[in-house]
Number of protein chains: 2
Amino acid sequence: MSSVSTRDALITAATDLLDAGGVDAVTLREVGHRAGVSHNAPYKHFADKQALLAAVAARELADLTEAMRFGTEQLSAGELVEAAMLGYVAWALRHPNRFTLVFGPWTTDCAELGERAGVAWSLIVQAVTAAQVAGELPAGDPERLAALIRATTHGAIVLALTGHLSASGKGHANADDLVHDLFTRLRVT
Amino acid sequence: MSSVSTRDALITAATDLLDAGGVDAVTLREVGHRAGVSHNAPYKHFADKQALLAAVAARELADLTEAMRFGTEQLSAGELVEAAMLGYVAWALRHPNRFTLVFGPWTTDCAELGERAGVAWSLIVQAVTAAQVAGELPAGDPERLAALIRATTHGAIVLALTGHLSASGKGHANADDLVHDLFTRLRVT
DNA sequence: ACCTGAACACCGTTCAAGT
DNA sequence: ACCTGAACACCGTTCAAGT
């Protein structure tokens, strides 16, 4: 029991440090201190620092899935896909450091992570398929169309987070605008 | 003179280490050793480690601009934009660690970096504008359309690098396919 | 102006030992 | 089974000193 809550406290402490100062600020010593244990107690719950970060990412993936569900009541199939992507954008802009952690260059390593990501994105493919059936999105391989939507959304977030968006003159489009633009173009077809 | 070549050697050594083992493998001690100087000689050329990494990123941005120009002879305005994006994809997949460094969460910090990125992407806006004039891309704010294209390309690369693309079943679309899909949808309009 | 060697503080990880 | 304190190797950064 105590071990479970300690493990959870470690993940929470790591998430707090991540939010406050980025992944470099997540030090096992500070994580342990905030969780009320010694600086090497984490090794009894995680293989190493990367495993702890993977646990943080796994928890956040569940959070992201929830954020994509927010306010999607009483929407058409096509609107639901767009709303989910806007929820994705909102989550990422709200927790930029969690976003960069979850989609860092090591997602493949952890099996649990890949699994949870697969679940989250299979929901998107489902929604895209429904929108295609409803005639709100163009025909074609749903997985491929979902990948396109996903790529645009992801890229819009990255551009927004790195400041490559607001810097580009008076157009001052934000990530939401880019996602909306994509859906507008897709629906015209 | 010697200082210039030392500075250059430091950047080259850092780039090699980046390619080999990611940004974490870039240690000032190993950089100095590979450049034939002591482990703290870099501080005579760069304020700190981040400044060295920023110099690496700045050099790579020039490389990226070149990659986007590759093989763009005898193409229509619309094809030129797509070819530039495919060049961007090819560069990123060829040097994944440089890609994640250049578009890391700190691009805003360095003035030179922001400047060079601005130059690179203003070329894209120019090409997009030309394609619009030629009727190969839909009308609208060129900066905003360029941002959409840019976001999709960037997102497709990230998805490919993190393995979120090939894992999604039989569709097995790669980054090139997604970029091509976007241009296909845009041209239909 | 550029470089070096020693030193400091910090961190990930391991280990022997405790309950 | 879970935790601790000490220890080791490594790294970023600083400093006094050398040419």
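Model, not experiment: these values are computed from the prediction. In what follows, chains are A, B, ... by sequence order, proteins preceding strands, each numbered from 1.
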Involving DNA chain C, stems made of at least three consecutive Watson-Crick or G-U pairs, both distances under 3.5 Å: C:4-8 with D:12-16, C:12-16 with D:4-8

Cluster overlap A:L80 with A:I149, hydrophobic side-chain contacts below 4.5 Å: no

Whole-Å distance separating the NE2 atom of A:H33 from the P atom of D:dT4: 12 Å

Under 4.0 Å protein heavy-atom contacts per nucleotide of nucleotides 12-19 of chain C, with B for base, S for backbone only and - for none: BBBB----

Salt bridge present between A:D19 and A:R94 (N-O < 4.0 angstrom): no

Under 4.0 angstrom between A:T6 side-chain N/O and D:dC3 OP1 or OP2: yes

Option among A:V56, A:L18, A:N97, A:T100 that satisfies the side chain to side chain contact (heavy atoms under 4.5 Å, CB included) test with A:V23: A:L18

Geometric class of the B:Y88/B:F99 ring pair [parallel <30°, tilted 30-60°, perpendicular >60°]: tilted

d(CZ, A:F46; C1', D:dC3) in whole Å: 15 Å

Polar side chain donor-acceptor pair, B:T12 to B:R59, under 3.5 angstrom: yes

Results of side chain to side chain donor-acceptor pair (under 3.5 Å) for B:H180 - residues two or more places apart only: B:E82

Audit row: B:L61, B:V119, side chain to side chain contact (heavy atoms under 4.5 Å, CB included) steps and yes/no: CA-CA 10 Å; B:L61 264 177; B:V119 169; over 6 Å; no

Matching residue for A:L28 among A:L52, A:D48, A:L10 - test: side chain to side chain contact (heavy atoms under 4.5 Å, CB included): A:L52

Separation of D:dC3 C1' from A:R7 CZ (nearest whole Å): 17 Å

Distance below 4.0 Å between B:H45 side-chain N/O and C:dA1 OP1 or OP2: no

